[in-house]
Structure formats: C-alpha cells, structure tokens
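The structure under discussion appears below in the form of structure tokens.
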Amino acid sequence: MSRILLIEDDAALRGSVASMLTRNGHQLTAVADGVAGMQALLADGFDVLLLDIGLPFVDGWRILDSLPERRSLWVIVISARGEERDKVRALDLGADDYLAKPFGADELVARIRAVERRAQRAPGPAMVATAGDVVVDLGAHTVLRGGAEVRLSPTEYGLLAELARHRGEVVDHRTLLSEVWGPSYSYQRNYLRTFIQRLRSKLERDPRSPGVIVTAGSRGYRFGAPPGREGE
C-alpha cells in the first residue's frame, strides 16, 4: 500500500479521508496548511500526494510549482475548484490527476489505485526508440535529447513510453488515455492535450512544429516518422 501525504485545511474532510485511507491499509501523514506540507515533503518517502489548492500560508499552486520535475511522487489534486481552467492549470504545473470536491470515498480510493497500477505496471520489452535527437531507452527508463538526460514526471514518462513502444505508428487518443491513466479516463482529452504539450516543451526543438511527437490529424499521436521515413 502507498505512503500518502494529505495536505488539506478542512479538518472534517482531513479526518474522514485519513480514517478511510488508513482503513484501506495506506500509511498516511496529514497536515493542515501549506507550510507544514512543504516541510513534510522535504522528508520525502511519500508515494502519493493528495493536495488541496486553497491552503493557508502557502497555497497548492505554489506547492505544485515547487515540486522537482523528476520525482517518484504521484500528485492528485483534491479541490473545490471544479472549473476546467483550474484542472488544466494543475495538470500544467505537474499534477497527475485532479479530483473535484465533493467526492466519494470510493472515487478517491479508485484514483489512488489507478496511480498505484501505473507505478507498478510491468515493463514492456526492452527497446530503444529514437526520433530526431531524442532517444527513449525503455529498458533503462531513460530519455535523452541531444545526449543530455531529460527530466520527466512519472506520467510524462508513461505517456512517452507508450508512444515510443509503437514508434512510427499512430496511437489513438482513447488507447493512450486507457493505457496511461486507465480505462475510466478514455474520454479525458484535456489530460492528453496537456501532457502532450508538456512533453513537446521538453523534447521538441520547436514545439509549434513538432517532429518527435506528431499529431496525426484527429486520430491520435505518433512518435517519430512513419515506417520507411525514419530519416526525417
């Protein structure tokens, strides 16, 4: 079971979530404000961060923005801000998932199980896929651009690895969402758009004219050139 840090200022919600997750076998640390949350994060050792946005002293946006780019920590934002722009902003800042309040216990447990499955997913066959000056080594779990290592979050790497496994082939939106996030996310196009943009900002020479992660019309995305045109 996961080691979870909950940063939530609502005492009633904090208590109910803590009780529920502990009953489900998780190791939980719960704090009530952003300063205490940032201090807890310095100790590391957590697998999942459940993060409220509207926190005293240091809000959730600042905490998200302060997290290191490459980490083994999975971040689920839990917030009363349910508007699409808030969800996109959270994903842009590095969150892996977004759960709007109010939510049920079953839904929260399902979201945590989803990130656990992603973290524990058995690796595919070891292979190296290249596109331009980007090299994805699926065996070593490394990504290089121009010979320098690229720092990716777990979800960014998971999406890139799924595309790299099908190098040169179009992978449709629903398949990418289902394979990377889970079957219940198959219609969450905003997740996919946000993470594709994040990957392009780190991998492309010109994100406005991508050659590493290519949009294939309305069908999906492709890593690199199609078969027979690998030199492009």
Side-chain angles (χ1 to χ4, degrees), residues 1-24 26-105 107-116 118-119 150-159 181 185 188 190-191 193-199 201-202:
M1 289 295 179
S2 295
R3 297 161 297 174
I4 299 174
L5 173 61
L6 169 64
I7 311 177
E8 169 60 63
D9 66 325
D10 184 311
L13 179 59
R14 187 172 65 251
S16 63
V17 169
S19 176
M20 179 264 296
L21 293 179
T22 301
R23 286 199 306 271
N24 277 269
H26 297 289
Q27 299 177 34
L28 189 83
T29 299
V31 298
D33 62 71
V35 171
M38 294 188 76
Q39 291 172 342
L41 284 167
L42 290 175
D44 206 359
F46 297 105
D47 303 306
V48 178
L49 169 61
L50 300 179
L51 176 65
D52 187 21
I53 293 298
L55 294 168
F57 309 126
V58 177
D59 68 21
W61 300 125
R62 287 181 59 189
I63 292 174
L64 270 176
D65 201 33
S66 71
L67 293 174
E69 284 190 87
R70 186 170 186 168
R71 62 187 193 275
S72 58
L73 180 69
W74 299 80
V75 181
I76 302 174
V77 169
I78 53 172
S79 176
R81 301 168 184 252
E83 295 187 13
E84 191 70 13
R85 65 173 180 267
D86 293 309
K87 180 183 291 188
V88 171
R89 183 181 177 188
L91 296 174
D92 276 337
L93 286 173
D96 299 288
D97 204 348
Y98 192 101
L99 184 57
K101 300 175 184 177
F103 52 81
E107 186 173 10
L108 178 59
V109 169
R111 299 294 181 101
I112 293 171
R113 286 176 178 164
V115 297
E116 287 176 334
R118 280 180 255 164
V150 180
R151 301 166 67 86
L152 299 178
S153 73
T155 301
E156 289 169 347
Y157 177 79
L159 177 56
W181 282 271
Y185 292 78
Q188 295 282 356
N190 54 341
Y191 279 60
R193 285 192 295 269
T194 298
F195 277 86
I196 289 291
Q197 288 171 0
R198 280 166 53 177
L199 284 173
S201 72
K202 296 180 179 184

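Along the sequence shown, residues are numbered consecutively beginning with 1.
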> How many angstroms lie between atom OH of Tyr98 and atom CZ of Arg89, to the nearest 0.5 angstrom?
Replying inline: 10.0 Å
>> So which atom in Asp96 and which in Trp74 form the shortest heavy-atom distance, rounded to 0.1 Å?
In response: OD2-CA, 3.4 Å
> Roughly how far, to the nearest 0.5 Å, is CG of Leu6 from CD1 of Ile76?
Replying inline: 11.0 Å
> Looking only at heavy atoms, what is the nearest atom pair of Leu64 and Ala95, with distance?
Replying inline: CD2-N, 4.0 Å
>> Rounded to the nearest 0.5 Å, what separates atom CG in Asp9 from atom CG in Asp59?
In response: 11.0 Å
> Between Val115 and Val75, does a side-chain contact (heavy atoms from CB on, under 4.5 Å) hold up when you go through it step by step?
Replying inline: CA-CA 9 Å; Val115 297; Val75 181; over 6 Å; no
>> With rounding to the nearest 0.5 angstrom, report the CD1 to CD1 distance, Ile4 to Ile112.
In response: 4.0 Å
> What distance separates Leu93 CG from Arg62 CZ, expressed to the nearest 0.5 Å?
Replying inline: 13.0 Å
> Can you list every side-chain hydrogen bond (donor to acceptor under 3.5 Å, both in side chains) pair that touches residues 26-41, not counting sequence neighbours?
Replying inline: none
> For Pro56 and Ala32, which heavy atoms make the closest approach, and how far apart are they?
Replying inline: CD-O, 3.8 Å
> Is any side-chain heavy atom of Asn24 less than 4.5 Å from a side-chain heavy atom of Arg113?
Replying inline: yes
>> Could you walk me through whether Asp86 and Trp61 satisfy the side-chain contact (heavy atoms from CB on, under 4.5 Å) test, starting with their C-alpha distance in whole Å, then the side-chain angles of each, then the deciding distance to 0.1 Å, before giving a yes or no?
In response: CA-CA 10 Å; Asp86 293 309; Trp61 300 125; 3.8 Å; yes
> Does the side-chain contact (heavy atoms from CB on, under 4.5 Å) test come out yes or no for Leu50 and Leu21, once each step is laid out?
Replying inline: CA-CA 11 Å; Leu50 300 179; Leu21 293 179; 3.7 Å; yes
>> Test of understanding: with salt bridge (charged side-chain N to carboxylate O under 4.0 Å, His left out), list the residues that count as partners of Arg23, not counting sequence neighbours.
In response: none
>> So Leu41 and Ile63, do their side chains get closer than 4.5 Å, heavy atoms only?
In response: yes
> Would you call Asp52 and Arg14 a salt bridge, taking side-chain N to carboxylate O under 4.0 Å as the test?
Replying inline: no
> What closest approach, in Å, do Arg198 and Ser153 show between heavy atoms, and which atom pair accounts for it?
Replying inline: NH2-OG, 3.5 Å
>> Ignoring hydrogens, what is the shortest heavy-atom contact between Ala90 and Val77? Give both atom names and the distance.
In response: CB-CG2, 4.1 Å
>> side-chain contact (heavy atoms from CB on, under 4.5 Å), that's the test. Do Leu13 and Lys101 meet it? Break it down for me.
In response: CA-CA 10 Å; Leu13 179 59; Lys101 300 175 184 177; 3.6 Å; yes
>> So, using side chain to side chain contact (heavy atoms under 4.5 Å, CB included) as the criterion, who are the partners of Asn190 when residues are at least two apart?
In response: Glu84, Lys87, Gln188, Arg193
>> On a heavy-atom basis, which atom in Met38 and which in Ser66 lie closest, and how many Å separate them?
In response: CE-OG, 3.6 Å
> How many angstroms lie between OH in Tyr191 and CG in Asp97, if you round to the nearest 0.5 Å?
Replying inline: 3.5 Å
